[in-house]
Amino acid sequence: MDLDLLQRTLAEMGERPYRAGQVWRWAAQGAACFGSMTDLPLRLRSALADAVPFSTLELVREARASDGTVKALLRTADGRSVEAVLMRYRDGRRSLCLSSQSGCPLTCTFCATGAMRFARNLTAWEILDQALHFRRGGTVDHAVFMGMGEPMMNLDAVLGACSKLPALGVTHRRTAISTVGWIPGIERLAGEPMPLRLALSLHTADDALRSELMPVNQRYPLARVLAACESFYARKRRKVFVEYVMLAGINDSHLQAVQLAGVLDPHVFKVNLIPYNPAASAFAGSSPKAIEAFRAELERRGLHATVRLTRGREIDAACGQLAARA
Ligand code: SAH
């Protein structure tokens with residue numbers, strides 16, 4: 001819901017400002033329409049229903065995987081596609097994967113979103129409405145900006161949405177922003193009062209290989225990105241999660257694990273190895289055995305490393321698979 005539009009509309013209707021807060025509390029707690037907001041006068045509920053779209057996004061389609069993951073294809077008022085994912089875990093966690101842009105202007109070679117045409121930045125309300133969509137279906141408690149787009153290229157809107165997420169049940173400490181290493185964004189996040197988490201999509205400790213896999217590395221090279229993450233840690237005292245997608249024969253050798261451990265300070269970084277999910281690219285994923293050997297080598301060298309549980313692959317909802325085929 002566009003909360004600016006809501007406030008303007010209420011003001012034009014001559015309503016008291018506290019009404020906006022009332023509406024927002026209902027929406028954040030999963031209300032499906034103005035009609036159910038029982039502490040608002042009936043005439044106001046119907047006036048709002050005529051004047052303010054309940055969501056800035058329209059649901060086009062929803063897909064469910066057998067592991068409980070749900071992917072929603074949503075459409076903005078100007079016809080742009082956005083995908084958002086809800087991941088459900090056995091321990092009861094319900095985690096949102098949110099998109100910050102429709103498409104992505106970066107062209108990481110292993111990612112399906114990078115191969116899709118970039119449309120535009122999403123507004124804070126369009127980001128928030130992805131979360132509200134799933135909130136209407138039940139509680140939510142974690143959020144990651146790991147959907148479509150590069151959140152640091154749209155940080156005002158991302159932070160605007162983050163500031164509202166606690167009302168839905170997602171605290172700042174349970175919210176993570178993932179980046180390709182967009183340094184100005186990392187620096188800004190370090191100075192941000194909200195205690196949000198930072199995740200870095202690193203994928204290799206080799207500068208030349210990284211430029212091949214992720215062209216953005218030419219603009220913001222590895223050493224400077226890692227230095228920015230170290231400053232983030234110095235300021236926030238919150239570890240940075242490193243995401244590392246395991247590509248067979250590309251970045252998964254023993255030597256590359258040694259190299260990775262050599263550039264990451266274990267006080268600052270934790271590593272999350274991501275099994276490669278099929279995307280429209282020429283890569284193949286590393287075998288479970290190769291992933292485990294890589295992980296063990298990092299641990300041997302003092303770096304905490306885990307392997308990401310793959311969710312939603314059968315509905316193309318896993319990392320790197322969001323591409324909005326409408
Ligand atoms: N642009 C931001 C936010 C997207 S996060 C970023 O890159 O960090 C999506 C994560 O999924 C990133 O770590 C990305 O590198 C990873 N990813 C992309 N394609 C993938 C694939 N095919 N398999 C597994 N992970 C992939």
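Note that the structure is predicted; figures quoted are calculated from it, not measured. Whatever order the structure lists ligands and atoms in, that order sets their numbers, starting from 1. Nothing fancy with the numbering, it's 1 onward along the sequence.
- For ligand 1, the 4.0 Å heavy-atom shell takes in F110, C111, F145, M146, G147, G149, E150, P151, S178, T179, V180, S201, H203, E243, V245, I274, P275, Y276, N277, A279, C319, G320, ordered by chain and residue number.
- The side-chain heavy atoms of F269 and K239, taken from C-beta on, include no pair separated by under 4.5 Å.
- Sequence neighbours left out, the pairs with a member in residues 91-100 that pass salt bridge (Lys or Arg N to Asp or Glu O under 4.0 Å) are D91-R93.
- Classification of E62 and K71 as a salt-bridged pair fails, no side-chain N sitting under 4.0 Å from a carboxylate O.
- Within the structure, side chain to side chain donor-acceptor pair (under 3.5 Å) pairs that include any residue of residues 100-116 comprise Q101-N121 (at least two apart or interchain).
- Applying the side-chain hydrogen bond (donor to acceptor under 3.5 Å, both in side chains) test between N277 and each of Q321, R313, R311 identifies R313 as the sole match.
- Every residue was checked against the salt bridge (charged side-chain N to carboxylate O under 4.0 Å, His left out) condition with R136, not counting sequence neighbours, and none meets it.
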